[in-house]
2 protein chains.
Amino acid sequence: MTAAAPRLEPRSETLVDALRESILTGRYAPGTRLVQEDLAEAFGVSRIPLREALRRLEGEGLVVISPNRGAIVRPLAPKDVVDLYDLRLALETLAIRRAAERYADLRESTKTLAAQARRAIAARAMPTIFGLDRDFHAELAAASDNPHLVAALGGQWSQIMRVMHAYFQVANYPAAVWHDHEAIADAVAHGEGDAAVARLTTHLSESRDAILAHLRSNGGRA
Amino acid sequence: MTAAAPRLEPRSETLVDALRESILTGRYAPGTRLVQEDLAEAFGVSRIPLREALRRLEGEGLVVISPNRGAIVRPLAPKDVVDLYDLRLALETLAIRRAAERYADLRESTKTLAAQARRAIAARAMPTIFGLDRDFHAELAAASDNPHLVAALGGQWSQIMRVMHAYFQVANYPAAVWHDHEAIADAVAHGEGDAAVARLTTHLSESRDAILAHLRSNGGRA
DNA sequence: CGGGGATGGATTGTATACAATTCAATCGCG
DNA sequence: CGCGATTGAATTGTATACAATCCATCCCCG
């Protein structure tokens with residue numbers, strides 16, 4: 001297992017995931033210059049697939065590429081946190097409204113969602129928790145039956161993860177998060193869009209404020 | 001001057017614009033295979049910058065790339081029109097709300113917007129009209145002072161343009177469009193978010209329904 | 001005839017090599 | 001001593017060449 005397994009997918013695919021991971025976890029801090037040759041050597045590939053990976057991350061908003069000047073990890077100011085959560089609220093509100101409209105078709109998946117939330121309350125390992133949070137919101141998006149919305153939310157989620165990681169390195173997930181998730185899932189399952197949206201609104205506001213408070217106390221650097 | 005002027009920007013930059021244009025205008029129809037070598041020869045470049053251009057268009061949702069199978073122009077079904085307009089309404093609603101909140105800071109640009117709309121009523125050339133419509137909504141997005149929202153809307157706009165082009169090849173812009181724009185701009189300029197959103201909602205619904213009716217009568221292919 | 005597997009052309013994926021651009025440090029001139 | 005031009009290393013952008021993959025066709029065997 002130490003030797004590389006034979007590749008099934010193109011290098012640029014795995015590169016995107018590896019680079020994204022490195023950025024989300026803060027291994028490459030905001031503002032860091034991403035020199036193509038260095039990265040290529042680090043990942044054991046040539047610059048060609050690496051450049052494509054950077055282009056895709058640019059599309060996700062994780063890196064900024066200036067022509068002839070190279071790529072940097074996108075800086076992240078407190079205002080970005082506010083803006084991102086504002087946008088996310090609008091998108092997830094739409095997702096919930098559409099999901100609640102078709103709740104009859106969703107009985108199974110919403111039950112799964114709520115059960116997942118309840119199980120998550122017991123979880124402790126940080127990567128697991130991140131994954132569960134991500135999965136919950138991804139499923140919620142999928143329930144909207146709007147692929148374009150799903151894509152838009154997927155793109156934003158990378159940014160959100162970056163923000164959350166900066167925060168949750170020190171603090172722990174408040175248990176309230178999972179109760180919010182359960183409440184949202186239940187409301188959607190009963191077609192109560194307004195209730196679900198209301199809960200989501202406070203859910204996101206609290207997350208955002210907690211992150212902002214943490215950032216400010218730490219001195220929001222770039 | 002017939003010879004190519006010295007390039008200022010990288011080839012891939014101009015390529016993205018050229019390819020996007022070709023897709024938006026329908027020169028490359030939905031579902032068309034985009035063979036790298038053919039395109040590279042057509043544009044007089046190698047495949048390397050072309051591949052990067054395709055990656056960026058993938059990020060905009062204009063093309064779909066399957067590993068080892070190549071790229072195609074993204075298909076566009078009637079449901080996509082519904083989903084896109086649903087998403088667009090949510091995004092522009094947020095833009096308007098935020099813009100209306102800071103209307104005091106926006107006096108100049110909203111005046112420009114409204115004036116632009118009035119001038120547009122007289123316009124006749126199709127490319128001009130498209131540009132004016134695009135500019136209006138882009139300025140509206142910018143007025144929100146949320147760069148992430150601007151980026152999200154910018155990505156969606158490519159899709160919208162594709163949809164609109166399919167429609168407006170035969171029909172003409174109804175003059176009502178510009179009156180809607182003017183009304184929206186005025187409402188924003190006075191901080192009346194609700195009124196602006198209401199007008200936007202009908203504006204988009206009408207556009208969407210007109211496009212759907214046209215698509216259905218023509219037989220919605222791919 | 002009918003189906004499973006080999007085979008070759010077409011196409012994508014990647015490495016290497018080279019050209020073009022940027023940026024900073026240095027030099028020359030006033 | 002100050003300031004603009006110059007030069008060169010570092011880095012990005014692109015072309016060419018080659019390897020890997022896919023897909024349709026054909027062949028062989030039942």
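Residue numbering restarts at 1 for every chain, and letters A, B, ... go by the order of the sequence lines. Only this structure's heavy atoms are used, side chains among them; waters, hydrogens and symmetry mates stay out.
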>> Using the side chain to side chain donor-acceptor pair (under 3.5 Å) criterion, which residues pair with A/Ser205? Sequence neighbours excluded.
In response: none

>> Can you list everything that forms a side chain to side chain contact (heavy atoms under 4.5 Å, CB included) with B/Glu101? Sequence neighbours excluded, please.
In response: B/Arg98

> Does anything in residues 35-43 of chain A reach DNA chain D, meaning a heavy atom under 4.0 Å, and if so which residues?
Replying inline: A/Val35, A/Gln36

> Once you round it to whole Å, what is the distance between C1' of C/dG13 and CD of B/Glu52?
Replying inline: 14 Å

> Should the pair A/His203 and A/His181 be assigned to parallel (<30°), tilted (30 to 60°) or perpendicular (>60°) ring geometry?
Replying inline: perpendicular

> Restricting to pairs with a member in residues 153-163 of chain B, which pass salt bridge (Lys or Arg N to Asp or Glu O under 4.0 Å), not counting sequence neighbours?
Replying inline: none

> C/dG13 phosphate, OP1 or OP2: any side-chain N/O from B/Arg51 under 4.0 angstrom?
Replying inline: yes

> To the nearest Å, how far apart are B/Leu50 CG and D/dT14 C1'?
Replying inline: 12 Å

> Under the salt bridge (Lys or Arg N to Asp or Glu O under 4.0 Å) test, which residues partner B/Asp133, sequence neighbours left out?
Replying inline: none

> Would A/Leu200 and A/Arg88 satisfy side-chain contact (heavy atoms from CB on, under 4.5 Å), going step by step from the backbone distance to the final call?
Replying inline: CA-CA 11 Å; A/Leu200 174 74; A/Arg88 181 184 169 191; over 6 Å; no

> Whole-Å distance between D/dT11 P and A/Leu34 CG?
Replying inline: 13 Å

> What residues, two or more places apart in sequence or in another chain, satisfy side chain to side chain contact (heavy atoms under 4.5 Å, CB included) together with A/Leu39?
Replying inline: A/Leu19, A/Tyr28, A/Leu34, A/Phe43, A/Leu50

> Please, which pairs that meet salt bridge (Lys or Arg N to Asp or Glu O under 4.0 Å) have at least one residue in residues 33-50 of chain B, sequence neighbours excluded?
Replying inline: none

> Residues in salt bridge (Lys or Arg N to Asp or Glu O under 4.0 Å) with B/Arg208, at least two apart?
Replying inline: none

>> The criterion is side chain to side chain contact (heavy atoms under 4.5 Å, CB included); which residues satisfy it with A/Glu52, sequence neighbours excluded?
In response: A/Ser12, B/Arg51, B/Arg55

> When you measure from every atom of DNA chain C, which of residues 53-65 of chain B have a heavy atom less than 4.0 Å away?
Replying inline: none

Pull out every protein N or O sitting under 3.5 Å from an N or O of nucleotides 15-18 of chain C, one pair per line with the distance.
from	atom 1	to	atom 2	distance (Å)
C/dA15	OP1	A/Arg11	NE	3.1
C/dA15	OP2	A/Ser46	N	2.7
C/dA15	OP2	A/Ser46	OG	2.7

> In chain order, what residues pass the side chain to side chain donor-acceptor pair (under 3.5 Å) check against A/Ser22, with sequence neighbours excluded?
Replying inline: A/Arg27

> Would you say B/Arg69 reaches D/dC23's phosphate, i.e. side-chain N/O to OP1/OP2 under 4.0 Å?
Replying inline: yes

> CG of A/Leu15 versus C1' of C/dT14: gap in Å, rounded?
Replying inline: 11 Å

